[in-house]
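Please see the structure below; I have some questions.
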Amino acid sequence: MSKINQAIKERILVLDGAMGTMLQRYNFSEEDFRGERFKDFPHPLKGNNDLLSITQPEAVKEVHRKYFQAGADIVETNTFSGTTIGMADYHLEDLVYELNYESAKIARQVADEFTDKPRFVAGSIGPTNRTASMSPDVNDPGYRAVTFDDLRIAYKQQVEALIDGGSDVLLVETIFDTLNAKAALFAIEEVKEERNLDIPVMVSGTITDASGRTLSGQTVEAFLISIQHIDLLSIGFNCALGADQLKPYLKRLAHNTQLNISAHPNAGLPNAFGQYDQTPEEMQALIKEYLQDNLINIIGGCCGTTPEHIKLIAEVASQFKPRKFELA
């Protein structure tokens, strides 16, 4: 049994908060994103946060360190857009393996600085900016901007690099289209079989609005049924909603599965300027309700969350036992 499988039986595990929120605090310029290596690159690179693992590695290390110091058990690699599909926007497809490998290596180095308890690195696998289930063209419903095989190949390269760099677990997250996620999970299974290794896998979907469905139209229950045949460490939800809005969907998930459940909600809903105003204290109070209701095994934060949020979430999580499945 892996260390993380053992740890999740013993306590509620705390995931980190938002990487993007923290990197924005540095106010990096175009030149900062480029660094010395890409100073003459012919395309704009500002906004490519994954690239900072190569051009500003100390900043990425510092973010990981702050989350571990706040009490996180797991940090996510800085690889949310780390596929050839995601990197095509910046003309950096050839850099994908190196980006993922270096990001995982950075997180692993910081995790190993902490010896008080086991600390884990989750290889972050984002949804890409394409959807395999729906057409982006309203005039051509049959058209697809990406195929299952395109996604599988792209994800496989990312998965191999994340494992090589030292990830303890793979996190397929912010899933708005379950077909995309299935391509990622298929790629993971391929790599596991080829390498004869067993690495734990977390899956986290996104309920996009008050309809209670993913972007591709699935309910909580349909999402669960679509992927529960895979051997998963956990299933859960993240992004789009704050802790308050996410709670009813976690309840439905908890009622229908014996799997471990994860949640990393946003710090409330964004204001008119796209900023997140929910304080660490406000978020802690909402997360406490999750714990009292026996809903979760892994808890963290998504957009707008900071080490200050994670510190208070870790404090309250330490007072509760992990969720146990109870038959209704």
Report summary line: Apart from Met134 itself, its cluster of hydrophobic side chains linked below 4.5 Å comprises Phe176, Leu215

Query raised in the report: Any side-chain heavy atom of Leu233 sitting closer than 4.5 Å to one from Val201?
Result: no

Query raised in the report: Looking at side-chain heavy atoms only, is the closest gap between Thr208 and Thr214 below 4.5 Å?
Result: no

Report task. Could you pull out the closest heavy-atom pair between Leu253 and Gly236, with the gap in Å? Result -> CD2-CA, 3.8 Å

Query raised in the report: Do Ile207 and Val220 pass the side-chain contact (heavy atoms from CB on, under 4.5 Å) test, and can you show the C-alpha distance, the side-chain angles, and the key distance before you say yes or no?
Result: CA-CA 8 Å; Ile207 299 294; Val220 171; 4.1 Å; yes

Query - Inter- and intrachain pairs under salt bridge (Lys or Arg N to Asp or Glu O under 4.0 Å), touching residues 125-142, at least two apart - result: none

Query raised in the report: Between CG of Leu250 and CD1 of Ile299, what distance do you get to the nearest 0.5 Å?
Result: 7.5 Å

**Report entry** Side-chain donor/acceptor of Arg37 to backbone N/O of Thr55, under 3.5 Å
**Finding:** no

Query raised in the report: Will you find, in the side chains of Asp164 and Tyr97, an N or O donor that is under 3.5 Å from an N or O acceptor?
Result: yes

Query raised in the report: Do side-chain atoms of Gln278 reach the backbone of Gly268 as a donor and acceptor pair under 3.5 angstrom?
Result: yes

Query raised in the report: How far apart are the closest heavy atoms of Gly123 and Thr77, and which atoms are they?
Result: CA-OG1, 3.4 Å

Query raised in the report: Can Gln6 and Glu10 be counted as having a side-chain donor-acceptor contact under 3.5 angstrom?
Result: yes

Query - Closest non-hydrogen atom pair between Tyr155 and Ala183, with its separation - result: CD1-C, 4.0 Å

Query raised in the report: With no hydrogens and no angle check, is any side-chain donor or acceptor of Asp177 less than 3.5 Å from a backbone partner on Leu179?
Result: yes

Report task. Determine, for Glu189 against Arg152, whether the closest basic-nitrogen to carboxylate-oxygen distance falls under 4.0 angstrom. Result -> no

Query - With sequence neighbours excluded, residues passing ring pair (Phe, Tyr, Trp, His ring centres under 6.0 Å) with Phe223 - result: Phe237

Report task. Give a yes or no answer on whether the side chain of Glu289 reaches the backbone of Leu286 with a donor-acceptor pair at less than 3.5 Å. Result -> no

Requested in this report: Scan residues 219-228 for pairs that pass salt bridge (Lys or Arg N to Asp or Glu O under 4.0 Å), counting only residues two or more places apart or in two chains.
Outcome: Glu221-Arg252

Requested in this report: Could you tell me the separation between the CZ atom of Phe38 and the CZ atom of Phe33, rounded to the nearest 0.5 Å?
Outcome: 13.0 Å

Query raised in the report: Got more than 12 heavy atoms from elsewhere within 6.0 Å of CG, Asn196?
Result: no

Requested in this report: Check the surroundings of atom NZ in Lys192: do more than 12 heavy atoms from other residues, nucleotides or ligands lie under 6.0 Å from it?
Outcome: yes

Query raised in the report: For Pro57 and Ile54, which heavy atoms make the closest approach, and how far apart are they?
Result: CD-O, 3.5 Å

Query - Separation of Ser204 OG from Leu171 CG (nearest 0.5 Å) - result: 6.5 Å

Query raised in the report: Sub-3.5 Å donor-acceptor pair from the side chain of Ser29 to the main-chain atoms of Asp32, do we have one?
Result: yes

Report task. Mind checking the CD-CD1 spacing from Gln158 to Ile188? Nearest 0.5 Å is all I need. Result -> 9.0 Å

Query raised in the report: Is the backbone N or O of Thr279 less than 3.5 Å from a side-chain atom of Glu282, with the two atoms forming a donor-acceptor pair by type?
Result: yes

Report task. Tell me, yes or no, whether the heavy-atom count around Asp94 atom CG, taken from other residues, nucleotides or ligands under 6.0 Å, exceeds 12. Result -> no

Query raised in the report: How about Leu99 and Met87: do any of their side-chain heavy atoms sit closer than 4.5 Å?
Result: yes

Requested in this report: Indicate yes or no: does Lys39 engage Glu36 in a salt bridge with an N to O separation below 4.0 Å.
Outcome: yes

Report task. Give a yes or no on whether Lys311 atom NZ has more than 12 heavy-atom contacts from other residues, nucleotides or ligands under 6.0 Å away. Result -> no

Report task. Find out whether Arg119 and Lys117 are in side-chain contact, i.e. whether some heavy atom of one side chain is under 4.5 Å from a heavy atom of the other. Result -> yes

In a table with atom names and distances, give each donor-acceptor pair under 3.5 Å that connects a side chain of residues 12-28 to protein atoms at least two apart or in another chain.
{"residue": "Asp16", "atom": "OD2", "partner": "Glu76", "partner atom": "N", "Å": "2.9"}
{"residue": "Thr21", "atom": "OG1", "partner": "Gly304", "partner atom": "N", "Å": "3.0"}
{"residue": "Tyr26", "atom": "OH", "partner": "Glu62", "partner atom": "OE1", "Å": "2.4"}

Query raised in the report: Does a side-chain heavy-atom distance below 4.5 Å link Asn266 with Leu246?
Result: no

Requested in this report: Answer with yes or no whether the hydrophobic clustering places Ile199 together with Val172; edges join I, L, V, M, F, W, Y residues whose side-chain heavy atoms lie under 4.5 Å apart.
Outcome: yes

Query raised in the report: Hey, are Ser103 and Asn100 close enough side-chain-wise for a donor-acceptor pair under 3.5 Å?
Result: no

Query raised in the report: Is there a chain of hydrophobic side chains (I, L, V, M, F, W, Y, each step under 4.5 Å between heavy atoms) that links Phe80 to Val169?
Result: no

Query raised in the report: Does a side-chain N-to-carboxylate-O contact under 4.0 Å join Arg11 and Asp73?
Result: yes

Report task. Return yes if some donor-acceptor pair links the side-chain N/O of Ser226 with the main-chain N/O of Ala222 below 3.5 Å, else return no. Result -> yes

Query raised in the report: Quick check: does any side chain N or O of Asn297 sit under 3.5 Å from a backbone N or O of Ile261, one acting as donor and the other as acceptor?
Result: yes

Query - SB check Asp168 Arg108 (cutoff 4.0 Å) - result: yes

Query raised in the report: Roughly how far, to the nearest 0.5 Å, is OG of Ser318 from CD1 of Ile313?
Result: 12.5 Å

Report task. May I ask you to decide if Ser81's main-chain N or O and Asp50's side chain share a donor-acceptor pair within less than 3.5 Å? Result -> yes

Query raised in the report: Hey, what do you get for CZ (Arg323) to CG (Leu259), rounding to the nearest 0.5 Å?
Result: 8.0 Å

Query raised in the report: Does a donor on one side chain sit under 3.5 Å from an acceptor on the other, for Ser216 and Ser133?
Result: no

**Report entry** Gln157 versus Thr83, side-chain donor and acceptor atoms under 3.5 Å
**Finding:** no

Requested in this report: Could you tell me whether the side chain of Leu162 reaches within less than 4.5 Å of the side chain of Thr79, counting heavy atoms only?
Outcome: yes

Report task. For residues Thr84 and Val96, report the shortest heavy-atom separation together with the two atoms involved. Result -> N-CG2, 3.5 Å

Requested in this report: Indicate yes or no for a side-chain donor-acceptor contact from Thr147 to the backbone of Asp150 under 3.5 Å, with no hydrogens or angles considered.
Outcome: yes

Report task. Would you tell me whether Asn78 and Asn49 have side-chain atoms, one donor and one acceptor, within less than 3.5 Å of each other? Result -> no

Query raised in the report: Does a sphere of radius 6.0 Å around CD in Glu193 hold more than 12 heavy atoms from other residues, nucleotides or ligands, not counting ones at 6.0 Å or beyond?
Result: no

Query - Note, Ile74 side chain near Tyr67 side chain (heavy atom, < 4.5 Å) - result: no

**Report entry** Intermediate values then yes/no, side-chain contact (heavy atoms from CB on, under 4.5 Å), Met283 and Thr305
**Finding:** CA-CA 9 Å; Met283 193 169 183; Thr305 56; 3.6 Å; yes

**Report entry** Set of residues satisfying ring pair (Phe, Tyr, Trp, His ring centres under 6.0 Å) with respect to Phe68, sequence neighbours excluded
**Finding:** Phe114

Report task. Report the C-alpha separation of Leu45 and Glu30 in whole Å, then their side-chain angles, then the decisive distance to 0.1 Å, and conclude whether the side-chain contact (heavy atoms from CB on, under 4.5 Å) test is met. Result -> CA-CA 6 Å; Leu45 295 176; Glu30 175 72 32; 3.8 Å; yes

Query raised in the report: If Ile, Leu, Val, Met, Phe, Trp and Tyr residues are connected whenever their side-chain heavy atoms lie under 4.5 Å apart, and connections chain through other members, are Leu197 and Phe186 in the same group?
Result: no

Report task. Report yes if some heavy atom in the side chain of Gln218 is under 4.5 Å from a heavy atom in the side chain of Leu224; otherwise report no. Result -> no

